[in-house]
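The structure under discussion appears below in the form of structure tokens.
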Amino acid sequence: MCPHLTVAENMFLGREMVKGGRLSTKEMNAETGKVLADMHVEIAPTAIVETLSLSKRQMVEIAKAVSTDARVIIMDEPTSSLTGREIDELFNIIRQLRDEGRGIVYISHRLEELHHIVDRVTILRDGQFVASMPWADTSLPQIISLMVGRDVKEKFPHVQADKGEKIFEVRNLNAGRLVRDVSFSAHEGEIAGIAGLVGAGRTETTRAIFGVEKKESGQFFLEGKEIFINKPMDAIRQGVVLVPEDRKKDGLCVKLSVKSNVELPNLDFLATTLGVVDTKKVARVTDKSIKDLSIRLPNADVDAISLSGGNQQKVVVAKWLARQSRVVIFDEPTRGIDVAAKVEIYNLMNHLKLQGVGVIFVSSEMPEIMGMADLIYVMCDGRVTGSMQREDATQEKIMELATQFERKLGNAINA
Amino acid sequence: MSETAAKKNGFQRLFAKRGMGQVITVFFGLIALCLVFYFINPNFLSERNIQNLLRQIAPYLIISIGQGYVLITGNIDLSIGSVIGMSAMISATLMTAGVDPWLATIITIIPCVATGLLNGFLIATCRLPPFIGTLGTMTIARGVAQLVNGNMNTDAIGTTAEGWRSFFYYGKTISVFNTFWIALALWAAFNFLLSRTRTGRHIYAVGSNAEAAKLSGVSVASKTTIAYTVSAFCACVVGLIVCAQAGMGAMDAGTGYEMYAVAASVIGGISTLGGQGILLGNIVGASVWGAMYNGLSLVGAPVAWRNIVVGIIVVLSVLIDVILRGNSMIRLRIRAGARKKI
């Protein structure tokens, strides 16, 4: 929706009523008012969308769909930004639309809210249809088990190591809606995994730790001593580094050479005190990390974008291995790269773990987390909802924690 | 991989160097351009004209160094033409008031550099769109230029400034005008800063991908501010040269120079999209620009036509840049067309 236009203008965007070349504003306002009244929603057609609450905007969105006489309305996570009372309102409207004979496809991660509105449930996994059945014939445990599947046959190169000292600890971190009171720690000889569904706040957490997003409160401890991170440079200097989720957007200067990318965060020791870059040292360090990580490229002067996804990812990692990092945070490091490259990334994490580097591994793919991590934290809706040792982890347990939204539903639904 | 590198001869290796391809291509274009003017009017390559040409190129080169810095960070600086005017007017006003020319020079640099800092603050810290932000400072700087001498051009800067004028414009060192040497010295210094130092690497990273640069510990705002400050400093020097040439301060000095600076940079291979290009290109770009202006006047083209030709060159060179490197509709169509054929 266009936030600066009125409700009616948004409703009729692209299909405005026109009479003799002039907009029929009155008619459109009247029509909008009628649709909203039918839905029992109190919103003025002339209100500016920007001034409405999120739930009201969602109502306008739905009204827009209704006004085109839609037979089927698809809602994708409609409650994700609503409060309890607003969710009640939305559900009332959904029921009303259903009773009018419209079909509604309601997509949600929030399993606990489904029983208020759902008549039939369909489960998809990894882009594939799994099952479909009437709501009355199923139960939450069954849905969870269908969501996770049972085929964890993939082999992961997990290595056992003795758990050592605590290297890094995050205490009561708060940063925006999706990082709320997050606490966890990483030990020597251990990969700390953070599991959760898309939108659980894991990436936001890593960015808050790295100093990209401002944090409201929270403490970080490195080897027992409190450290202060206000910008990425602070984190890098103290040895806490991040391999970001979106390597093209956050990880690489894609149109600069591989060499430029590797040297970029390391110029503090690759340049003289006057700031002149020591090109020989840069070449040495770059060549070494290319060899260590077996990055396949014609030479270090090619554009980063010309490499395959797996090799690009390795370049991002190379940036941090060129310096002595104490804690490496991997955010979805295997997304969009081929199987062979994935295994190389896993081996790399193991290598770091055995060297005593703290490894924090964020992933949405459960088999991967269960295969590689020694301790698994699960996040949902910005909170850490639980943790478990590798041996105790099952997909069902993780999924249950990953869908544990805070109860927001009000009383109207129960009535 | 070392084998293929060894097979390449020296020229191929030079060509493969980052940003070098376009510089060499444009260099041949420059030679062709000179030959064309030479055949129309052989005086074009006379010793006297080459002397003039080198001096004419100098201000374009200096101004384009600064603009090049800003373009590489992915921004643009429209205020530099006005900073030239401000620099010329402030220095000339001070000199006509009897201030020592060199002291006047130092005093002039302060407000000019301050304009650069202001640009950096507005664009990098306050996140104003660079077009709008520098459009504002452009107007402010022009206003200052008009204000310093009570909305009048200054009188002649007088005989005490002869040595100063000779340093910036009329004098020669090793039989080439000083202006050219000044430009070359500035180029060498700023080229070193951009290509050999940490600051330079950070400037490229900011222009290539500000988000990734930030996550690599680069302070995006401070590097952008440095680029704008370099730009304003270069404009200041050009203002001093213009003042030395005219022997007085003119309020409209430097009008349109921001465009020349963009043109010389882009022709030399610096992308308006940021992160790409090398300052060596600016020497070639500024030369093409100077040769074009000088040549067109030598073959007797009226000023109006010169402006039109020069404007077309600017648009064409930016267009080629955007088609080659950006996401223009034309490029997408060409690609789609190519895919269809396959």
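In this text, all values refer to a predicted model and were calculated from it rather than measured experimentally. Convention: sequence-line order gives letters A, B, ...; per-chain numbering from 1.
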Taking [atom1] in [X] as the centre, count heavy atoms belonging to other residues, nucleotides or ligands within less than 6.0 Å. Is the count above 12?
X	atom1	value
R326(A)	CZ	yes
F131(B)	CZ	no
K249(A)	NZ	yes
F221(A)	CZ	yes
F121(B)	CZ	no
Q324(A)	CD	no

Separation of [Y] [atom2] from [X] [atom1] (nearest 0.5 Å):
X	Y	atom1	atom2	answer
S208(B)	I305(A)	OG	CD1	9.0 Å
R198(B)	N266(A)	CZ	CG	10.5 Å
K214(B)	M233(A)	NZ	CE	14.5 Å

Side chain / backbone / both / neither for [X] at chain B, heavy atoms under 4.5 Å:
X	result
T279(A)	side chain
D278(A)	neither
V302(A)	backbone
D303(A)	both
V316(A)	neither

Max heavy-atom pair count under 4.5 Å with chain B, selected residue of P244(A), P232(A), C253(A):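 Most heavy-atom pairs under 4.5 Å with chain B: C253(A).
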Note, L264(A) side chain near H202(B) side chain (heavy atom, < 4.5 Å):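 Answer yes - side chains close enough.
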Note, L256(A) side chain near Q276(B) side chain (heavy atom, < 4.5 Å):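 The answer is no, as the side chains (C-beta and beyond) never meet within the 4.5 Å cut-off.
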Minimum heavy-atom distance S216(B)-K319(A), with the two atoms named: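 Minimum heavy-atom contact is OG-NZ, 2.8 Å.
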Heavy-atom pair with the smallest gap, counting every atom of A212(B) and G251(A):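 Shortest heavy-atom separation between A212(B) and G251(A) comes out as CB-C, 3.9 Å.
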Choice from G207(B), A205(B), A210(B) maximising heavy atom contacts with chain A below 4.5 Å: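 Ranked by heavy-atom pairs under 4.5 Å with chain A, first place is A205(B).
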Side chain N209(B), main chain D250(A), donor-acceptor under 3.5 Å: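 Not at all, since once roles are kept as given, no pair shorter than 3.5 Å links the two residues.
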Electrostatic pair E211(B):R207(A) at N-O distance under 4.0 angstrom: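 Here E211(B) pairs with R207(A) in a salt bridge, since their nearest N and O are under 4.0 Å apart.
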